[in-house]
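Note that these values count all heavy atoms, side chains included, but never hydrogens, waters or copies made by symmetry. Positions are given from 1, in the same order as the sequence printed here. Owing to the predicted nature of the structure, the values given are computational and were not obtained by experimental measurement.
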Amino acid sequence: MLTPAPKNDELNIYVNAIHFLLLLICCSQKVPIANESEGKLQKDQLPNFVASVKGKPGFHYLISNALYLLLIPLFVIVLTYDLFSTLSTIYDLFQIWNELSFKFDNVTVLLLVVLCLVSLVFTTIYLMSRPKNVYLVNFSSYKPDPSRMCTRESFLQIASQTGKFSDETLAFKKKILERSGIGNMTYGPKSLMENPAENGNMEEARKETEAFIVNHYKLRSNIFSYNLGGMGCSAGLISIDLAQKLLQVEPNCYALVVSTENITLGWYVGNDRSMLLTNCLFRVGGAAILLSNRSSDRSSSKYQLVRTLRSHQVDDNSYNCIMQKEDEFQHVGVKISKNLMVVAGEALKTHITALGPLVLPMSEQLLFLATSVARKIFKMKINLYIPDIKLAFEHFCIHTGGRGVLDGIEKNLQLNEWHMEPSRMTLNRFGNTSSSSVWYELAAKRRIRKGDRICQITINLNPTLDKNPWIDEIDNFPVQVPQDAPIAF
């Protein structure tokens, strides 16, 4: 979760007992849906865990500002008393204070000094041990040369020129592209665009993503370098999580995260339909993100990194839903199983359940707690209240895994077109750039204001970087993306 850096932290102060109890209830919920008896998932659906949630602005405002509302009457009483009190009364109070001040003996003074020293020691320990603030100083997204632009028609022509795909496979690819939400301005790897028949060797793959940063920029020899290869579309935010943890233990440091995807080696040349989806959706892209824990960078940083959270699904279905393997003719590709949406839904459900107590306003937590107690303790037959995640964030950057992924998350988080616009426009303009997609979406957001909170969600299943790849064409978006866009091929 990101929030613009110049604003002070606006974390909610939770009551510990309620927070702990709510966390236990959240963890004990098997499937947080509106009706447990209707909790069986269809193969093509995400769990509907935000069904029938309506905003309650009055209640939300009352609970969120309860402290201020309670202080207003007290302030009025004190002000009224000051206005009507006499000078003699104020003089009497000063006299009492002066009399008490002369009665302090040496022991009392010593105790006060010790108390102040102890408070100072504990305050110092707290300030030194608390987590360091991590700031997102700046980020850039990669915009390839126009010569690398790959329209949907040219993609199908390239696939045909390889001589590897049957007519049925080409027709299947055409059908996927027409319904994918991808436009005609995405980018392909140089080797595939210029010589499709010879694409796929290691040398060409290295040219696509070659970026030996430490050597190229002559960085110091004591730089720590980590490679999170093989972690799929979630690698970008996983690397942010790793960088944040490193910055918590290394003072006054910078962390540079470079996120990209290699399309050349991932190109599948077989005819197994379960392995063709990656060919159609993935496109060239990349991003670089500079993080810092230096307090001096606070004022110049674009955002502050507030929290990272990872959720794991440990079961065979999750492990096998996306798998790189060989087909029956020993062609290597990425196989995507039919239960991908079910697995993604379970992962998203687990993630939101863990994230809710950390970010949701107290009003939503109290409503969830009340319905949980009513159902579990009093056995009341009422629907479990599902908190509205939109009250925790102003903006969402959702991984552009495909139109189906975006549609499912939009429906089940009850997001609207305004929330989904950056994700859909990124899919249309740049395609699925894998781990870097959420940074293209963040770059496309021109409506972020000081203090706004941003939620980035990814699901795993020596380039020249422009400061913002949208800068020359953002005024051309949003565009209308049809459900089915025929291709003249």
Side-chain angles (χ1 to χ4, degrees), residues 1 12 14-66 309 311 313 315 317-318 339-394 396 398 404-420 453 455 457 459:
M1 183 178 73
N12 291 324
Y14 297 117
V15 179
N16 291 336
I18 294 178
H19 189 183
F20 181 66
L21 178 59
L22 177 61
L23 184 59
L24 289 179
I25 293 176
C26 285
C27 293
S28 66
Q29 295 298 316
K30 185 176 182 181
V31 181
I33 54 177
N35 190 338
E36 289 182 349
S37 63
E38 301 176 358
K40 294 183 178 180
L41 298 174
Q42 302 296 325
K43 288 187 176 181
D44 58 344
Q45 291 181 338
L46 294 173
N48 191 9
F49 50 82
V50 193
S52 304
V53 176
K54 302 297 181 182
K56 298 177 175 60
F59 177 75
H60 170 64
Y61 180 84
L62 178 64
I63 298 299
S64 300
N65 299 276
L309 180 66
S311 300
Q313 296 295 106
D315 56 75
N317 287 333
S318 299
N339 65 344
L340 171 63
M341 294 302 294
V342 175
V343 172
E346 287 296 318
L348 187 61
K349 178 261 295 184
T350 302
H351 195 74
I352 296 300
T353 300
L355 182 65
L358 303 175
V359 299
L360 285 170
M362 183 61 71
S363 58
E364 294 296 290
Q365 298 199 39
L366 288 177
L367 287 173
F368 178 81
L369 177 63
T371 55
S372 297
V373 171
R375 286 162 58 90
K376 288 182 171 294
I377 298 179
F378 298 102
K379 306 301 181 181
M380 297 175 63
K381 296 182 179 180
I382 61 174
N383 289 337
L384 180 67
Y385 178 77
I386 306 302
D388 187 357
I389 195 67
K390 297 190 295 295
L391 294 176
F393 305 102
E394 284 76 31
F396 295 85
I398 300 167
V405 173
L406 296 181
D407 288 345
I409 294 180
E410 176 185 8
K411 177 181 178 181
N412 289 278
L413 292 184
Q414 291 291 300
L415 304 179
N416 54 41
E417 292 183 4
W418 188 87
H419 292 116
M420 299 298 298
R453 297 157 297 179
C455 179
I457 301 176
I459 302 175

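For the pair M420/E410, a side-chain contact is recorded, criterion being any heavy-atom separation below 4.5 Å from C-beta on. Using a 4.5 Å cut-off on side-chain heavy atoms (C-beta onward), I409 and L348 make contact. Contact annotation: the side chain of D388 never approaches that of L360 to less than 4.5 Å [non-hydrogen atoms, C-beta and beyond]. K390 has its side chain within reach of Q414: a pair of non-hydrogen atoms, C-beta onward, lies under 4.5 Å apart.
Of the possible polar contacts, none joining the N339 side chain to the V342 backbone as a donor-acceptor pair under 3.5 Å is found. Formation of a donor-acceptor pair under 3.5 Å by the T371 side chain with backbone atoms of Y385 is found in this model. A distance-only check finds no donor-acceptor pair linking the side chain of E364 to the backbone of P387 [under 3.5 Å]. Judged purely by atom type and a 3.5 angstrom limit, R453 uses its side chain to pair as donor or acceptor with the backbone of A392.
One distance of note links SG of C455 with NE2 of H419; it measures 11.0 Å at 0.5 Å rounding. One finds the CD atom of E346 at 12.0 Å from the OG atom of S311 (value rounded to the nearest 0.5 Å). To the nearest 0.5 Å, atom CD1 of residue I389 and atom CG of residue N412 are 13.0 Å apart. One distance of note links CD1 of I377 with NZ of K379; it measures 9.0 Å at 0.5 Å rounding. With rounding to the nearest 0.5 Å, the separation of CD1 in I457 from CD1 in I352 is 5.5 Å. Rounded to the nearest 0.5 Å, atoms CZ (F396) and CD (E394) are 8.5 Å apart.
H351 meets the ring pair (Phe, Tyr, Trp, His ring centres under 6.0 Å) test with no other residue; sequence neighbours excluded.
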Check: Going through the checks in order, is the side chain to side chain contact (heavy atoms under 4.5 Å, CB included) test met by S363 and L366?
Finding: CA-CA 5 Å; S363 58; L366 288 177; 6.0 Å; no
Check: Can you check side chain to side chain contact (heavy atoms under 4.5 Å, CB included) on R375 and M380, steps first, answer last?
Finding: CA-CA 5 Å; R375 286 162 58 90; M380 297 175 63; 5.6 Å; no
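Considering every non-hydrogen atom in both Q313 and T350, the closest pair reads OE1-OG1, 3.1 Å.
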